[in-house]
Amino acid sequence: MIDIKFLRDNPDVVRASQKGRGENVEIVDQIIAADERKRAALTEFETLRQEQNVLSKSVGAAKGDEKTALLANAKELADKVKAADTKRAELEEEAKKLLLQLSNLLDTEAPIGGEEDFVTLEHVGTPRDFAKDGFEPRDHVELGKLLGAIDTERGAKVAGSRSYYLTGVGALLEFALVNYAIQSALKNGFSPVIPPVLVNPAAMEGTGFLGQAAENVYRIEKDDVYLVGTSEVPLAAMHMDEILPAEKLPLRYAGYSTCFRREAGTYGKDTRGIIRVHQFDKVEMFSFCKPEDAKEEHQRLLQWEKEFLTAMEIPFRVIDVASGDLGSSAVRKFDIEAWIPTQGAYREVTSTSNCTEFQARRLNIRYKDADGTKAIATLNGTLVAIPRMIVAILENHQNADGTVNVPAALQPFLGMKKFELV
RNA sequence: GGAGGACUCGCAUAGCGGCCGAGUGCACCGGUCUUGAAAACCGGCAAGGGAAACCUUCGUGGGUUCAAAUCCCACGUCCUCCGCCA
């Protein structure tokens with residue numbers, strides 16, 4: 001949710017942002033009109049309410065005939081107050097509903113355009129030349145089978161498409177990745193968190209996942225709860241309706257959780273292997289900071305993501321995601337894409353978004369310093385999403401015989417230097 | 001799942017349907033005193049809207065009433081006991 005006062009004063013800026021995202025521009029004027037109606041109704045209600053408060057007090061003090069007369073008046077006024085209050089509530093609801101549909105204001109530095117219009121910021125590492133090594137790389141499905149690490153066939157049998165088992169060294173690799181990730185996060189000042197993955201509508205709504213992204217969310221109708229697609233949701237909602245002291249900022253959490261995604265509308269996309277699955281585990285970084293520090297914090301999150309990929313010895317590039325491809329909460333988003341040899345392409349493995357005060361306003365999270373109480377800024381970034389990282393590691397570090405070398409950083413966590421064939 | 005009890009300003013608590021947006025203690029902030037600190041004393045101290053008057057918020061949502069923290073209903077959360085269970 002953006003600041004309604006900002007919208008009143010700068011409607012052009014908001015219109016431009018909506019346009020840049022390829023979203024509804026007219027809604028800005030609808031919101032302004034609804035806001036005016038709402039405020040008029042509020043003033044009317046408050047005036048009547050004040051009268052009623054005064055009158056009610058005099059009723060309490062009055063006696064006899066005087067009291068009877070006052071009561072008649074009061075009764076009439078009470079009806080008016082009730083009507084005005086109903087109208088106020090309706091108009092407030094309407095204005096809020098419209099405001100919630102509005103996406104966050106674009107960062108002026110974010111590239112404008114659709115999915116294809118990203119800007120590549122840098123390349124780190126060089127894709128390996130398998131021809132020079134004298135063999136054709138196997139894809140992660142094949143390697144996973146050879147190593148006894150990934151079983152997609154039984155995954156499909158038991159749970160349907162886009163499901164899989166991590167077995168043997170595959171399971172061990174997940175533990176190693178998680179442990180390494182948590183250890184680096186601790187070093188960087190994060191508090192480790194294992195959050196609930198089943199959350200209520202307020203948490204889902206507040207983080208902005210029930211808008212355009214709603215079709216990708218699993219809902220347990222019977223109990224009115226949702227399965228989260230990322231621990232961003234429970235981490236952001238953790239401080240819902242709270243006021244944080246300024247001296248505790250930035251507040252950084254590293255959340256480890258399972259993530260559930262329906263992957264609706266991705267038929268035929270990445271059907272092979274574990275690039276796109278319904279369930280996976282992820283270590284997510286989440287920061288609460290002062291709005292003026294958000295840009296710097298965003299760079300820090302990106303830096304930590306880069307360090308992780310570098311430690312995994314995987315070539316990658318960093319892209320500045322274009323306006324039309326940002327989530328509704330983000331003002332700017334950087335993706336890291338790892339080189340996937342068998343696809344001859346860079347594929348997204350992590351992503352970091354600056355949501356400024358957008359989520360915090362929806363979740364009613366503020367911070368307090370000497371100047372008063374203000375909305376806080378929230379940012380999130382993937383430290384490691386397990387399946388995609390497994391894909392990148394297996395494919396990039398494979399040998400001609402199908403064995404896979406373990407990156408040095410993970411060796412202490414795995415107790416082995418190489419994944420052998422089973 | 002069943003039976004009881006509770007939910008008030010950071011924490012703890014007071015609160016006869018009107019004098020309660022709400023007292024007290026602790027914590028916190030400012031001041032006096034002190035070489036400094038502690039203690040003592042004085043003042044401040046929930047949030048939102050509004051230029052202000054003022055309005056809203058006593059778990060949430062409804063209802064009764066001229067008037068609700070206070071009465072009624074539903075839901076939520078927590079606690080105790082019973083049952084079941086990883």
Side-chain angles (χ1 to χ4, degrees), chain A residues 1-9 31-100 194-206 219-226 234 237-249 251 257-258 288 290-291 357-376:
Chain A
M1 186 161 64
I2 73 162
D3 185 358
I4 183 69
K5 280 188 209 159
F6 180 88
L7 186 145
R8 272 178 215 147
D9 297 342
I31 291 171
I32 291 172
D35 179 55
E36 276 167 15
R37 283 197 298 274
K38 180 197 91 174
R39 286 191 291 158
L42 181 63
T43 308
E44 187 174 347
F45 163 72
E46 286 187 353
T47 310
L48 286 168
R49 186 59 152 168
Q50 187 187 352
E51 263 182 68
Q52 188 188 28
N53 285 344
V54 172
L55 189 55
S56 276
K57 262 185 193 146
S58 62
V59 169
K63 293 243 160 40
D65 288 348
E66 190 193 352
K67 185 160 184 167
T68 329
L70 284 173
L71 274 177
N73 267 340
K75 177 99 182 159
E76 195 183 323
L77 189 54
D79 290 339
K80 277 196 208 160
V81 168
K82 198 166 271 184
D85 192 32
T86 306
K87 190 172 169 200
R88 175 203 58 83
E90 278 168 11
L91 292 174
E92 262 176 23
E93 175 98 358
E94 185 191 316
K96 177 133 195 214
K97 217 170 133 192
L98 283 169
L99 191 59
L100 281 172
I194 297 177
V197 293
L198 223 39
V199 302
N200 63 27
M204 216 65 191
E205 177 83 58
R219 178 170 180 219
I220 316 281
E221 209 166 329
K222 197 175 172 192
D223 299 293
D224 200 20
V225 288
Y226 295 88
M238 199 167 165
H239 292 297
M240 183 159 57
D241 296 321
E242 290 181 25
I243 298 172
L244 304 171
E247 59 272 20
K248 277 176 84 176
L249 304 178
L251 194 56
S257 86
T258 302
F288 295 91
K290 294 182 190 174
E357 301 104 296
F358 188 82
Q359 283 180 330
R361 266 194 214 98
R362 297 169 72 118
L363 290 164
N364 191 27
I365 306 173
R366 292 162 291 171
Y367 77 100
K368 190 178 194 169
D369 64 12
D371 302 332
T373 316
K374 289 157 282 187
I376 208 165

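Please read these numbers as outputs of a predicted model, since none were measured by experiment. Residue numbers begin at 1 in each chain, while the letters A, B, ... track the order of the sequences.
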Separation of [Y] [atom2] from [X] [atom1] (nearest 0.5 Å):
X	Y	atom1	atom2	answer
A:E46	A:D85	CD	CG	10.5 Å
A:L77	A:L55	CG	CG	6.0 Å
A:I376	A:I243	CD1	CD1	10.5 Å

Sugar-phosphate only, base, or nothing, as touched by A:N73 at under 4.0 Å among non-hydrogen atoms: nothing
Sugar-phosphate, base or nothing in reach of A:K38, heavy atoms under 4.0 Å: nothing
Under-4.0 Å salt bridge between A:E93 and A:K97: no
Taking atom [atom1] in both [N] and [M], what distance in whole Å separates the two?
N	M	atom1	value
B:rA27	B:rU64	C1'	40 Å
B:rA40	B:rC79	C1'	40 Å
B:rG4	B:rC58	P	27 Å
B:rC7	B:rA12	C1'	14 Å
B:rU56	B:rA6	C1'	26 Å
B:rG21	B:rC81	C1'	38 Å
B:rC73	B:rC85	C1'	34 Å
B:rC28	B:rA22	P	25 Å

[X] [atom1] to [N] [atom2], straight-line distance once rounded to whole Å:
X	N	atom1	atom2	answer
A:D85	B:rG63	CG	P	10 Å
A:I243	B:rA46	CD1	C1'	7 Å
A:N364	B:rA46	CG	P	17 Å
A:Y367	B:rA46	OH	P	20 Å
A:E76	B:rC66	CD	P	13 Å
A:R361	B:rA47	CZ	P	18 Å
A:F45	B:rC54	CZ	P	16 Å
A:L77	B:rC55	CG	P	13 Å

Are there any protein N/O atoms within less than 3.5 Å of an N/O atom in nucleotides 67-69 of chain B, and if so, which ones and at what distance?
{"unit_1": "B:rA67", "atom_1": "O4'", "unit_2": "A:S56", "atom_2": "OG", "d": "3.2"}

Under 3.5 Å: donor-acceptor pair, side chain of A:S56, backbone of A:N53: no
Donor-acceptor contact present, side-chain A:D223 to main-chain A:V225, <3.5 Å: no
Those residues that, when tested against A:D9, pass salt bridge (charged side-chain N to carboxylate O under 4.0 Å, His left out) (two or more places apart): none
Non-neighbouring partners of A:E94 that pass salt bridge (charged side-chain N to carboxylate O under 4.0 Å, His left out), sequence neighbours left out: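 Counting only residues at least two positions away or on another chain, A:E94 forms a salt bridge (charged side-chain N to carboxylate O under 4.0 Å, His left out) with A:R37.
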Given RNA chain B, 5'-ward residue of the pair A:K368 and A:N53, judged by closest heavy atom: A:K368
Is there any protein nitrogen or oxygen under 3.5 Å from a nitrogen or oxygen in nucleotides 48-52 of chain B, and what are the pairs?
{"unit_1": "B:rG48", "atom_1": "OP1", "unit_2": "A:R366", "atom_2": "NH1", "d": "3.4"}

Qualifying salt bridge (Lys or Arg N to Asp or Glu O under 4.0 Å) pairs, either residue in residues 359-368 of chain A, two or more places apart: A:E205-A:R362, A:E357-A:R361
Residue matched to [N] through Watson-Crick or wobble contacts both under 3.5 angstrom:
N	value
B:rC26	B:rG10
B:rA69	none
B:rA37	none
B:rU64	none
B:rG50	none
B:rC81	B:rG2
B:rC45	none
B:rG59	B:rC75

Contacts under 3.5 Å, N or O only, protein and nucleotides 26-28 of chain B:
none

Step-by-step side-chain contact (heavy atoms from CB on, under 4.5 Å) determination, A:F358 to A:I2: CA-CA 6 Å; A:F358 188 82; A:I2 73 162; 4.0 Å; yes
Heavy-atom pair of closest approach, residues [X] and [Y]:
X	Y	value
A:M238	A:E242	O-OE2, 3.4 Å
A:I365	A:L244	CG2-CD1, 4.2 Å
A:L363	A:A202	CD2-O, 4.2 Å

Step-by-step side-chain contact (heavy atoms from CB on, under 4.5 Å) determination, A:M1 to A:K96: CA-CA 9 Å; A:M1 186 161 64; A:K96 177 133 195 214; 4.3 Å; yes
